[in-house]
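A short worksheet on the structure shown next.
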Amino acid sequence: MRLATWNVNSLRSRIGRVEAFLERHDIDVLALQETKAREDQLPLMGLQSLGYEVAAAGYHQWNGVAIISRVGLEDVQIGFEEMPGFGDPLTAEARAIGATCAGVRVWSLYVPNGRKVEDPHYAYKLDWLARLRAAALDWREGPTALVGDWNIAPLDEDVFDMAQFKTSTHVTPPERAAFQAFLDDGYVDVVRPHTPGPDVYTYWDYYRQRYERNRGLRIDFVLGSAPFASRVTGAFIDRDERAGTGASDHAPVVVDLAD
DNA sequence: ATGGTGGTCGCACCA
């Protein structure tokens with residue numbers, strides 16, 4: 001089974017690239033983030049004609065997660081809808097959707113950005129991660145993958161220039177500790193062993209020619225439970241998908257799983 | 001600085 005995760009930054013504006021990506025890499029299951037599409041806006045026709053089922057949740061302008069699968073899509077569950085303390089019901093967002101695809105539990109995650117360290121969204125990000133961790137403890141026995149945009153660069157090597165992030169989110173010790181906690185619980189970064197060398201970025205900002213100059217971040221991850229990780233036979237970052245006009249600011253991450 | 005979205009076709013908000 002071939003599983004991928006991709007922050008598409010609008011499914012509607014990217015549908016052509018999404019379909020081309022699915023065909024180019026023969027993807028079985030694709031977890032999407034930042035779909036920016038209501039359920040009634042999802043361009044299902046193209047994906048369905050390619051043989052995929054779609055499950056989507058959570059939409060408020062920039063949010064929304066989805067899983068599309070051609071190997072079954074069962075027990076769909078939406079998680080982490082609340083954004084406590086933010087009052088406006090429009091900010092109640094679904095940042096996680098889970099589904100079982102061919103026996104593998106896949107969670108498409110869009111971890112809160114956090115904005116700035118002093119912003120309430122930063123505390124919300126850490127709280128959200130703590131709640132996800134608590135829930136994920138119970139998911140470790142089976143083959144489970146926590147995939148998506150974690151909005152955390154866990155290591156200095158995941159950042160093009162640490163000096164530029166001295167006062168930024170994504171690299172603070174509490175965020176990195178929150179990420180490390182999943183590893184401590186037995187989840188494994190299944191991609192890094194298959195992407196040797198320094199070219200590990202998954203995200204390049206749109207401006208300042210960050211992609212052309214390869215000044216990016218590694219913030220998109222596939223963390224697998226032990227039963228999942230033991231089945232991984234390969235992985236890669238499709239960095240070429242970031243090239244050209246009409247690209248998302250994130251590249252897809254692809255993982256191969258033995259049957 | 002760039003790009004997507006919404007609610008209007010210029011601009012605020014978000015990444």
Side-chain angles (χ1 to χ4, degrees), chain A residues 5-21 31-43 46 56-66 80-83 85-97 108-126 128-129 147-153 158-161 163-172 175 179 201-221 237 239-253:
Chain A
T5 179
W6 190 9
N7 180 325
V8 280
N9 187 15
S10 171
L11 188 51
R12 284 175 294 157
S13 69
R14 213 78 61 209
I15 188 61
R17 275 182 177 261
V18 170
E19 291 173 1
F21 166 76
L32 295 162
Q33 301 87 38
E34 288 200 70
T35 52
K36 297 182 178 177
R38 295 188 304 270
E39 208 159 345
D40 63 285
Q41 294 176 319
L42 286 173
Y59 174 65
H60 174 54
Q61 296 194 18
W62 64 97
N63 280 329
V65 285
F80 308 101
E81 297 98 326
E82 309 87 5
M83 195 167 182
F86 285 83
D88 184 352
L90 288 178
T91 61
E93 304 152 331
R95 294 176 170 271
I97 185 168
S108 179
L109 307 172
Y110 181 54
V111 175
N113 176 282
R115 302 188 185 183
K116 295 180 177 180
V117 174
E118 63 273 20
D119 193 295
H121 285 82
Y122 175 77
Y124 171 68
K125 178 182 193 174
L126 296 176
W128 192 93
L129 285 163
V147 314
D149 179 358
W150 287 74
N151 271 316
I152 298 170
D158 302 326
V159 181
F160 67 88
D161 181 6
Q164 289 198 26
F165 283 77
K166 282 239 184 265
T167 61
S168 303
T169 58
H170 293 58
V171 300
T172 66
E175 288 168 285
F179 185 89
Y201 302 146
T202 64
Y203 164 84
W204 300 259
D205 218 320
Y206 279 126
Y207 46 49
R208 296 178 181 170
Q209 295 182 300
R210 286 271 170 82
Y211 178 72
E212 289 75 8
R213 297 156 59 206
N214 195 25
R215 296 173 75 73
L217 302 174
R218 183 173 188 233
I219 55 177
D220 298 88
F221 294 90
I237 299 162
R239 75 186 319 283
D240 291 346
E241 174 53 46
R242 178 62 180 80
T245 55
S248 169
D249 43 0
H250 292 252
V253 180

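Chain letters run A, B, ... following the sequence lines, proteins first and then strands; every chain starts at 1. Just so you know, these numbers come straight off a predicted model, no measurement behind them.
Between A/R12 and the phosphate of B/dT5, there is a side-chain N or O to OP1/OP2 separation shorter than 4.0 Å.
The side chain to side chain donor-acceptor pair (under 3.5 Å) test applied to A/D205 returns A/Y203, A/Y207, not counting sequence neighbours. Here A/Y201 pairs with A/F160, A/W204, A/N214 under the side-chain contact (heavy atoms from CB on, under 4.5 Å) rule; sequence neighbours left out. Every side-chain contact (heavy atoms from CB on, under 4.5 Å) that A/Q209 has, sequence neighbours left out, goes to A/E212, A/R213. Take A/N9 and apply the side chain to side chain donor-acceptor pair (under 3.5 Å) test, not counting sequence neighbours, and it matches A/K36, A/Y206. For A/D240, the side-chain contact (heavy atoms from CB on, under 4.5 Å) partners at least two apart in sequence or on another chain are A/Y211, A/D238. Scanning for side chain to side chain donor-acceptor pair (under 3.5 Å) contacts around A/R17 gives A/E241, with sequence neighbours left out. Under the side chain to side chain donor-acceptor pair (under 3.5 Å) criterion, A/T169 pairs with no residue at all, not counting sequence neighbours.
A/K125 has its NZ atom 15 Å from the C1' atom of B/dC14, to the nearest Å. Between the CG atom of A/N7 and the P atom of B/dT5 there is a distance of 12 Å, rounded to whole Å.
Each of A/R14 and A/D149 has a nearest nucleotide on DNA chain B; the 5'-most of these lies closest to A/R14. DNA chain B is contacted by both A/G114 and A/A247; A/A247 maps to the nucleotide lying nearer its 5′ end (nearest heavy atom per residue).
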Represent DNA chain B in dot-bracket notation, 5' to 3'. Only Watson-Crick or G-U wobble pairs with both distances under 3.5 Å count; pseudoknot-style crossings use [ ] and interstrand partners use |.
.(((((....)))))
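Of the C1' atoms belonging to B/dC9 and B/dG4, the separation is 16 Å, rounded to the nearest Å. Separating the C1' atom of B/dC13 from that of B/dT8 is a span of 15 Å, rounded to the nearest Å. Remark: the separation of the P atoms in B/dG7 and B/dA12 is 16 Å, to the nearest Å.
Of the residues in residues 203-211 of chain A, A/Y206, A/Y207, A/R208 come within less than 4.0 Å of DNA chain B through at least one heavy atom, sorted by number.
Heavy-atom minimum distance, A/H170 versus A/N151: NE2-OD1, 3.0 Å.
For the pair A/R115 (side chain) and A/Y122 (backbone), a donor-acceptor distance under 3.5 Å is absent.
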